[in-house]
Amino acid sequence: MNKLDQSRIFLWILPVSAWAVISILSFFIPAAGDDWYSSTPIVDFSWRLFLPKNTFWRPIEPALRLLLGQIPFAFPYLNHLLIVIAHGLTAYIISKITGFAGLSKRTTALACAVFLISPAVCATVFSVDGFNQAWSTALGFLSVWSYLRFKRPGNIIGWLSFAMIATLFKESGVAWFAAAPLVAVAIEGRPILNRSQMSRIGWSVLIGVCGALFYLALRFALRANIVLGSESGRYSMHLSPIVWLKNIILLVGLSTTAIDTLAVFLPPRNIVLAAASFAASLPLMVLTALGVSRHRQRARILLLITSAAVVSMPHLLIEHSGEMHAYPTFAVLALLMAFAVDDLVVSSRRSIAFAIGLFLLASIGVGMHKWQLMYSHSLTAVPVARSIDAQTTEKKPETVLVVIVKDNLPGYSVFYQDPAKASAWGMSVIELWEWKYPKKFLYADDKNSAGQHYDAMWVVYPNGRVVVKPGGVN
């Protein structure tokens with residue numbers, strides 16, 4: 001083996017190790033919260049599972065759940081496996097794109113390492129229900145790669161096909177209809193500010209908009225009363241500049257720093273830890289900003305920034321963006337960082353090595369903090385399920401009325417949930433009951449539950465205490 005081959009192998013030890021570490025850690029995280037009603041095995045087949053719901057349409061998700069219904073012992077390990085494969089695939093495509101653009105091998109390896117292990121990816125990679133977000137992003141990048149690598153009309157067919165599949169994984173994937181050609185044109189490096197390139201960008205975006213409209217038409221045809229965004233709650237659609245600004249700050253902050261958000265948002269707040277993790281990000285942030293300001297092709301950088309904004313748009317419009325929503329934004333910004341620092345990798349090698357080394361060390365520390373908290377609080381769903389099982393001495397209920405006793409216990413994202421939320425208010429018992437019961441959940445505060453019969457009532461307290469009562473009519 002010659003020195004060049006040895007050097008390349010050494011370069012890729014860092015990103016491959018980062019992917020391996022975060023992948024292994026993810027397999028220890030049990031189901032919690034949303035996982036219990038979005039990712040668990042389904043044993044009863046129905047075509048209705050594949051039709052749009054009032055707010056969401058993710059037809060690939062029930063296919064995985066039906067598969068898990070045949071092999072329930074694989075839950076949640078198969079979910080985790082598919083997520084880390086998608087995470088690795090996105091990093092691989094980033095490496096192919098940077099190589100296509102002529103960036104150095106060193107820059108490519110460092111950018112992939114930063115993407116693979118940054119705290120911005122933890123909510124997606126660690127969560128059992130990160131399946132949709134991870135694959136939507138991976139397919140979005142495949143749409144970019146198709147646009148770059150194939151000749152017409154293959155590039156258009158590939159781009160639109162992958163963008164459509166990305167959207168069927170998660171609704172926010174619709175952004176790739178417009179974002180993919182923007183990223184691809186930026187990557188090509190041709191002069192952008194001329195008539196032919198501007199015309200090309202315009203036509204590509206127009207075709208992408210037509211692709212998005214086709215998706216909406218298909219969804220409307222399958223269910224006429226669709227809603228774009230929830231009518232209330234954190235996923236409700238907002239056109240408020242204040243909401244947009246708040247979400248921009250969150251998504252950009254998560255995507256450009258290794259700051260420990262748990263120390264910022266979760267009481268008791270740890271200002272020292274938050275400041276230290278943010279300070280560890282500053283050298284890389286400064287060098288990236290320096291690289292952007294000195295870049296020879298400003299239009300390319302501006303187009304990548306625009307692409308990141310387009311990918312982020314679906315998550316800017318909702319009431320409250322979460323950490324998982326930063327994942328596609330960060331993937332595009334990792335690409336931007338690679339372009340910004342490529343020249344500095346040669347001219348300021350030591351500075352770049354120090355900045356990225358410090359960022360990666362902070363990322364490992366913050367990532368472990370998030371993993372530890374997520375792991376420990378996910379386990380609190382188990383006693384809730386056991387309590388319900390112990391109190392259910394007769395026939396397993398098919399329909400349950402859930403009464404949620406609310407209080408002001410702290411919580412944050414997928415990382416810290418009280419026992420009631422971790423168990424999805426008792427839904428975690430379905431694992432003990434072999435994924436068959438209950439078949440239907442009613443909620444006391446839901447007006448649509450009024451007048452409906454239920455076989456049992458669960459009064460669920462935030463600390464995990466559950467009182468099981470006899471059935472009746474709500």
Side-chain angles (χ1 to χ4, degrees), residues 22 25-40 76 79-80 83 117-131 133-134 233-235 246-247 249-251 253-255 257-278 315 318-327 330 362-385 387 404-428 460-466:
I22 200 167
L25 287 174
S26 71
F27 280 92
F28 288 92
I29 301 292
D34 292 354
D35 305 338
W36 291 112
Y37 55 81
S38 67
S39 307
T40 50
N79 308 64
H80 284 307
I83 291 166
I117 207 166
S118 166
V121 307
C122 290
T124 296
V125 178
F126 289 159
S127 296
V128 175
D129 74 341
F131 170 73
Q133 186 67 81
R234 62 172 297 181
Y235 295 117
K246 179 187 67 174
N247 288 336
I249 291 172
L250 178 69
L251 296 181
L254 285 166
S255 300
T257 75
I259 189 169
D260 192 335
T261 49
L262 299 180
V264 176
F265 296 113
L266 191 63
R269 293 171 176 83
N270 190 330
I271 303 302
V272 174
L273 183 57
S277 56
F278 178 76
H315 298 137
I318 61 177
E319 170 70 21
H320 176 65
S321 290
E323 293 217 2
M324 191 179 290
H325 300 137
Y327 188 79
F330 176 59
S363 296
I364 292 170
V366 173
M368 286 302 300
H369 185 201
K370 290 184 174 183
W371 178 88
Q372 182 274 328
L373 206 62
M374 189 174 182
Y375 172 75
S376 59
H377 286 275
S378 295
L379 292 177
T380 62
V382 176
V384 177
S387 174
I404 301 172
V405 181
K406 298 179 179 179
D407 73 357
N408 295 317
L409 286 179
Y412 177 68
S413 188
V414 296
F415 302 110
Y416 188 98
Q417 305 175 72
D418 62 52
K421 291 178 182 176
S423 71
W425 294 280
M427 195 177 289
S428 56
V460 187
Y461 294 83
N463 63 1
R465 176 172 171 255
V466 181

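Residue S321 holds its OG atom at 6.5 Å from CG of L250, rounded to the nearest 0.5 Å. Atom CD1 of I83 is separated from atom CD1 of I22 by 11.0 Å, given to the nearest 0.5 angstrom. Interatomic distance, CD of E323 versus CG of L262, reported as 7.0 Å (0.5 Å rounding). To the nearest 0.5 Å, the span separating OH on Y412 from CG on L266 amounts to 9.5 Å.
Not counting sequence neighbours, Y416 has no partner by the side-chain hydrogen bond (donor to acceptor under 3.5 Å, both in side chains) test. Considering only residues two or more places apart in sequence or on other chains, Y37 meets the side-chain hydrogen bond (donor to acceptor under 3.5 Å, both in side chains) condition with D34. For S277, the side-chain contact (heavy atoms from CB on, under 4.5 Å) criterion is met by I259, D260, V366, not counting sequence neighbours. Annotation: side-chain hydrogen bond (donor to acceptor under 3.5 Å, both in side chains) contacts of N79 (sequence neighbours excluded): none.
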Derivation of the side-chain contact (heavy atoms from CB on, under 4.5 Å) call for T261 and K370: CA-CA 9 Å; T261 49; K370 290 184 174 183; 3.3 Å; yes
Audit row: F126, V414, side-chain contact (heavy atoms from CB on, under 4.5 Å) steps and yes/no: CA-CA 9 Å; F126 289 159; V414 296; over 6 Å; no
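The shortest heavy-atom contact between P76 and I29 is CG-O, 4.1 Å. Taking every heavy atom of both residues into account, A274 and V264 meet most closely at CB-CG2, 3.7 Å. Across all their heavy atoms, P30 and Y375 have their closest contact at CD-CD1, 4.1 Å. Nearest heavy-atom pair, S255 versus F330, reported as atom, atom and distance to 0.1 Å: O-CD1, 3.0 Å. Looking at every heavy atom in both residues, M374 comes nearest to S127 through CE-OG, 3.4 Å.
In this structure, Q417 and T380 have side chains that are not in contact, with every pair of non-hydrogen atoms separated by 4.5 Å or more.
Judged purely by atom type and a 3.5 angstrom limit, S26 has no side-chain atom pairing as donor or acceptor with the backbone of H80. The closest donor-acceptor contact from the side chain of S376 to the backbone of Q372 lies under 3.5 Å. With D35 contributing its side chain and D129 its backbone, the two residues share a donor-acceptor pair below 3.5 Å. Side-chain N or O atoms of H315 include one that pairs as donor or acceptor with a backbone N or O of H325 at under 3.5 Å. The closest donor-acceptor contact from the side chain of R269 to the backbone of A263 lies at 3.5 Å or more, if one exists at all.
Crowding of F27 atom CZ: a count of heavy atoms from other residues, nucleotides or ligands under 6.0 Å exceeding 12.
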Under 3.5 Å, sequence neighbours excluded: what are the donor-acceptor pairs made by side chains of residues 117-125?
{"from": "S118", "atom 1": "OG", "to": "A120", "atom 2": "N", "distance (Å)": "3.1"}

Got a list of side-chain donor-acceptor pairs under 3.5 Å for residues 420-427, not counting sequence neighbours?
{"from": "S423", "atom 1": "OG", "to": "P419", "atom 2": "O", "distance (Å)": "3.2"}
{"from": "S423", "atom 1": "OG", "to": "A420", "atom 2": "O", "distance (Å)": "3.0"}
{"from": "S423", "atom 1": "OG", "to": "W425", "atom 2": "N", "distance (Å)": "3.4"}
{"from": "S423", "atom 1": "OG", "to": "G426", "atom 2": "N", "distance (Å)": "3.1"}

